[in-house]
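Let me begin by presenting the structure, written as structure tokens, before commenting on it.
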2 protein chains.
Amino acid sequence: MAKSNAPITEHLAYLLAQANREINRQLELRLSKEGVPVEQWRILKVLSDGDGHSMGELADAVLLNHPTLTKMIDRMVSDTLVYRLQDPNDRRKVLMFISDRGKVLCKKLNSLAVDQEEHILESYGDKSTSELKRLLENLIDSSN
Amino acid sequence: MAKSNAPITEHLAYLLAQANREINRQLELRLSKEGVPVEQWRILKVLSDGDGHSMGELADAVLLNHPTLTKMIDRMVSDTLVYRLQDPNDRRKVLMFISDRGKVLCKKLNSLAVDQEEHILESYGDKSTSELKRLLENLIDSSN
DNA sequence: TTGAAAATATTGAATATTCAACAATTGAAG
DNA sequence: CTTCAATTGTTGAATATTCAATATTTTCAA
């Protein structure tokens, strides 16, 4: 039974927030070399399968609310990293695609992100990392 | 060696963000019963040791930037949940204290938070939870 | 002791996010 | 068929966060 007088540092919600904050900050720092926020990297990465993704689908995948995504996509369209196309099968939907410029940028970003993963592997260990990933996946699955 | 063409769902940074988002959303939902954002619960919890905590110390502990904390504290002072006192030993510092009203609210929030932890324990399992906490603590430690 | 640098907290302007309302399209029941 | 509810995406206003600049106090070297 969890104790209500336990320090906040023992709460799973807090540990997740703290770890996320730290890792995200590191990633942000690397991606800032290309002047790109983490969310834009996620968007490019998801779209880099070349398929069209609807806004709703994309919002889920990149962990953003719909209006926030819409506005971020507006910027990325201005930067010609992605483009919109109406879904011919369901005209309510907008399908997002990555541009050639987006693909080039995505490659650079991927390698910066991989740098970070490797840095984590070094300091945190191979075994711990894969075990942590496994547990996080299970937690996410069990939360639906 | 991490692969740069791996899907985003295999990146530790993404899994952490996703898990954090989900768990935080659940907690947010419970705390909304008292109309309090998660960050305010953290603040109350940290201050509930009765000691005075400087703004910088508090910002670290509750995972907020300084200006964001200042403005949130302004609101909480208006709500008489906490109060400011100048540190007599270092007059640059402001020491934050929890009020009686804050303590009462904090108790209610604690029990809502414990509800959530117990819900996680049920669906995710005792063993996985403590193992995950351990790994997260190690990750945080290894990131400094 | 003095004066420059560091530490601490706050402020205001710029930026980003969220909430609620809206418009357009589709689905589905009668 | 027709109409009404549900789905999808965007917009504008309200709110929150962040960045850079500021004010105050302390520290420390000369």
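If you're wondering where the values come from, they're calculated on a predicted model, not measured in any experiment. In the text below, chain A, chain B and the rest are named by the order of the sequence lines, each starting its count at 1.
By the side-chain contact (heavy atoms from CB on, under 4.5 Å) test, A:R21 is found to be paired with A:R25, B:L63, B:N65, residues two or more places apart in sequence or in another chain being considered. A:R91 meets the salt bridge (Lys or Arg N to Asp or Glu O under 4.0 Å) test with no other residue; sequence neighbours excluded. Shown here are the side-chain hydrogen bond (donor to acceptor under 3.5 Å, both in side chains) partners of A:D141, two or more places apart in sequence or in another chain: there are none. In this structure, the side-chain contact (heavy atoms from CB on, under 4.5 Å) partners of B:S143, at least two apart in sequence or on a different chain, are A:E22, A:I23, A:Q26, B:L139. For B:R92, the salt bridge (Lys or Arg N to Asp or Glu O under 4.0 Å) partners are B:D90, not counting sequence neighbours. Shown here are the side-chain hydrogen bond (donor to acceptor under 3.5 Å, both in side chains) partners of B:K93, two or more places apart in sequence or in another chain: there are none. Listed by chain and number, the residues in a side-chain hydrogen bond (donor to acceptor under 3.5 Å, both in side chains) with A:R134 are A:E131 (sequence neighbours excluded). In this structure, the salt bridge (Lys or Arg N to Asp or Glu O under 4.0 Å) partners of B:R84, at least two apart in sequence or on a different chain, are B:D74.
In this structure, CD of B:E28 is placed 11 Å from C1' of C:dT18, rounded to the nearest angstrom. A straight line from CE of B:M72 to P of D:dT18 spans 10 Å, rounded to a whole angstrom. Here the P atom of nucleotide D:dT10 and the CE atom of A:M76 are 14 Å apart, to the nearest Å. B:K71 has its NZ atom 8 Å from the C1' atom of D:dT18, to the nearest Å. Rounding to whole angstrom units, CG of residue A:L95 and C1' of D:dG9 are separated by 12 Å. Put simply, CG on A:D74 is 16 Å from P on C:dT15, counting in whole angstrom units. Note: CG (A:N24) to P (D:dT18) measures 11 Å, nearest angstrom.
Shown for residues 78-91 of chain B: residues whose heavy atoms fall under 4.0 angstrom of DNA chain C, namely B:R84. The stretch residues 52-70 of chain B touches DNA chain C through B:S54, B:M55, B:G56, B:H66, B:P67, B:T70, each having a heavy atom under 4.0 angstrom from the strand.
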Between the protein and nucleotides 3-7 of chain D, which nitrogen or oxygen pairs come in under 3.5 angstrom?
from: D:dT7; atom 1: O4'; to: A:R92; atom 2: NH1; distance (Å): 3.4
from: D:dT7; atom 1: O2; to: A:R92; atom 2: NH1; distance (Å): 3.1

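Although no hydrogens or angles enter the test, the distance criterion places a donor-acceptor pair under 3.5 Å between the side chain of A:K133 and the main chain of B:E10.
Of the listed residues (B:T68, B:L64, B:L69, B:V62), just one forms a side chain to side chain contact (heavy atoms under 4.5 Å, CB included) with B:E39, and that residue is B:L64.
Evaluation of the side-chain hydrogen bond (donor to acceptor under 3.5 Å, both in side chains) test over residues 98-114 of chain A, restricted to residues two or more places apart or in two chains, returns A:W41-A:N110, A:K45-A:N110, A:T80-A:R101.
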